[in-house]
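Quick note on labels: first sequence line is chain A, next is B, and so on, each numbered from 1.
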There are 2 protein chains.
Amino acid sequence: MLLNKFNIFVAMIRIVILGGGHVAHHLSKAFATAKTVSLVQVYARKMEQIETLQSITSITNKLSEIKDADVYVIAITDDAIPQLSKQLNLENAFVVHTSGSASLEALQHQGRKGVFYPLQSFTKDKTVSFENIPLCIEAQYSDDLVLLDRLAGSLSKQVYTLNSKQRKSLHVAAVFVNNFSNHMYTLGHDICKAYDIPFEILFPLIKETAQKVTTITPKEAQTGPAQRNDEQTIAAHIDLLTAQQQIIYQLITKSIQEHGKKL
Amino acid sequence: MLLNKFNIFVAMIRIVILGGGHVAHHLSKAFATAKTVSLVQVYARKMEQIETLQSITSITNKLSEIKDADVYVIAITDDAIPQLSKQLNLENAFVVHTSGSASLEALQHQGRKGVFYPLQSFTKDKTVSFENIPLCIEAQYSDDLVLLDRLAGSLSKQVYTLNSKQRKSLHVAAVFVNNFSNHMYTLGHDICKAYDIPFEILFPLIKETAQKVTTITPKEAQTGPAQRNDEQTIAAHIDLLTAQQQIIYQLITKSIQEHGKKL
């Protein structure tokens, strides 16, 4: 038991995490040290996926041995959510998934449903500090939303309540700013490699570009030959690219130019 | 006169900057405070473009009044370089331009040629610290390259000697990692706006994505539905986008998937 800000005793939030991948691992480690949370158990289909968590909590690979908890967090691939949640045999349990794109209805257990979506891309070997990771929450009932808000607040300073449509749209927006901009880095890397240029020359520019849009809108920050309709430079660039790179270069150039016209 | 690292007196490098835009302004301010450089003069066609520099150096709008210098730095738009350099009436002067995409031959004066290309996108109101901006240099003669190396070293810790082909390729790579990734931010911003989601939720992800490629290659850092061939999520994303966004989404998804196959 803990005291809340009104000096009233509040119960620790007991959670069970289900999953053996990156998100499940990172969440388990973070919740294990959160003050207002008690990580009761971690479940995965194969024990070897979660063996390393044995030192911080109870682990199991049997759904029949799942312990009592206030929140069950399913952190697995989208496709597998319906099946696992259906197999959960818990009366009136509150179960959430951690997916940006799966709907509430992907949860098919008999009970209350919610979403606990950390907006970050997790890499295996990179340790994650949740403090600055936005957590997007959703629940069917307001009491559950309050519970999720407390749970999220135990890890992060940035908690947002989003409905399913917003969360799915945010997930698409994240694909653009993360996956697609990373692919732009990959294409830049390819060009550097082809012409024997150290990619590190571009690091300050990459950082500055990312930094800039936290102070002005990306539209205001847009520069370059496409933005200023510098057809001569565009033509010279095209000459240096492979056929595949040319297609991307031309389409994004056109998109920048047409985006300019619409406003 | 100054002492170099061998305690030998070395001459201050006298420079004249020609141009009234962002790059000329930022360079003028930086060189004015550099220890081994004497900013002799700034030239622009219109006095009002450089009036604010009057407190730090001599200014002029007459080519006939250009002073003696060791290096003349032409910092103007690519298209205007040939004409201005042709008008420069200086015997055997060393003239450099600051363009990433213009060739050495864009300089049409009678004399020695070089390039002094700062790889950064300059915004009007944002102050720039050159210390971490990579400077790419090129010259026809080795003595001039040594001079440019000293000049660049007075501003930045990152100085790279690149030939014209490399510099032009680097400029294209910069378009991908800067202009094009910024456009991905713009499209993400559009989606957030359409669904009433605060764009700031994406800031940590944007920063993390940029940060990651300074420690692992962008290819290794690639995540997302395209990378893992998650056709169900891709289809759901497409449904949420405008026709124009769909075209970009599909092309970059295909590019990520095919890039994976090639390796």
The test is side-chain contact (heavy atoms from CB on, under 4.5 Å); show your working for A/Y117 and A/T98 and say whether it passes. CA-CA 4 Å; A/Y117 168 47; A/T98 57; 5.9 Å; no
Please tell me whether B/T209 and A/N182 have a donor and an acceptor in their side chains that are separated by less than 3.5 angstrom. no
Apply ring-ring contact (aromatic ring centres under 6.0 Å, His included) to A/Y185 and list each qualifying residue two or more places apart in sequence or on a separate chain. none
What residues of residues 186-193 of chain A sit under 4.5 Å from chain B when only non-hydrogen atoms are counted? A/T186, A/L187, A/G188, A/H189, A/D190, A/I191, A/C192
Taking only residues at least two apart or on different chains, which pairs with a member in residues 200-225 of chain A satisfy ring-ring contact (aromatic ring centres under 6.0 Å, His included)? A/F199-A/F203
Do you know the tightest heavy-atom contact between A/N179 and B/T223? ND2-O, 3.1 Å
For the candidates A/C136, A/S169, A/G100, A/A102, which exhibits the highest count of non-hydrogen atom pairs separated by less than 4.5 Å from chain B? A/S169
Counting only heavy atoms closer than 4.5 Å, note whether B/A174 contacts chain A via side chain, backbone, both or neither. both
Within residues 245-253 of chain B, contacts to chain A at heavy-atom distances under 4.5 Å involve B/Q245, B/I247, B/I248, B/Y249, B/L251, B/I252, B/T253
Distance from B/S103 atom OG to B/K113 atom NZ, nearest 0.5 Å? 8.5 Å
Greatest number of non-hydrogen atom pairs under 4.5 angstrom with chain B, of A/L205, A/T217, A/I197, falls to A/L205
Heaviest contributor of heavy-atom pairs below 4.5 Å to chain B, chosen from A/T214, A/I201, A/D230, A/L119, is A/I201
Is a side-chain donor or acceptor of A/T215 paired with a backbone partner of A/K212 at a separation under 3.5 angstrom? yes
Heavy-atom pairs under 4.5 Å with chain A are the metric here; pick the option from B/E200, B/H171, B/K168 that has the most. B/H171
Minimum-distance pair of heavy atoms, taken over all atoms of B/P218 and B/V213: CA-CG1, 3.6 Å
I need the minimum non-hydrogen distance between A/L107 and A/H97, along with the two atoms involved. CG-CD2, 3.9 Å
I'd like to know if the side chain of B/S85 and the backbone of B/P82 have a donor-acceptor N/O pair within less than 3.5 Å. yes
Please look at B/P198 and chain A and tell me whether the side chain, the backbone, both or neither of the residue comes under 4.5 angstrom of a heavy atom of that chain. side chain
If you compare all heavy atoms of B/I81 against all heavy atoms of B/S99, which two are closest, and at what distance to 0.1 Å? CD1-CB, 4.1 Å
With side-chain contact (heavy atoms from CB on, under 4.5 Å) as the criterion, how do B/L202 and A/L170 come out once you've worked through the C-alpha distance, each side chain's angles and the decisive distance to 0.1 Å? CA-CA 8 Å; B/L202 292 166; A/L170 178 63; 3.9 Å; yes
Can you tell me which of A/N163, A/I133, A/T233 forms the most heavy-atom pairs within a distance under 4.5 Å of chain B? A/T233
Ring-plane angle category for B/H259 and A/H183, please: parallel below 30°, perpendicular beyond 60°, tilted otherwise. perpendicular
Heavy-atom distance under 4.5 Å to chain B: side chain of A/Q222, backbone, both or neither? both
Counting heavy-atom pairs under 4.5 Å to chain B, which of A/N132, A/V175, A/L240, A/N178 comes out on top? A/N178
What is the minimum heavy-atom distance between B/A75 and B/V23, and which atoms define it? CB-CG1, 4.1 Å
I'd like to know which of A/D78, A/L162, A/L241 tops the heavy-atom pair count under 4.5 Å against chain B. A/L241
For A/D196 and B/Q166, run side chain to side chain donor-acceptor pair (under 3.5 Å): C-alpha distance rounded to whole Å, both residues' side-chain angles, the deciding distance at 0.1 Å, then the answer. CA-CA 7 Å; A/D196 201 21; B/Q166 286 178 314; 4.7 Å; no
Does any backbone or side-chain atom of A/Q120 lie under 4.5 Å from a heavy atom of chain B? Answer side chain, backbone, both or neither. both
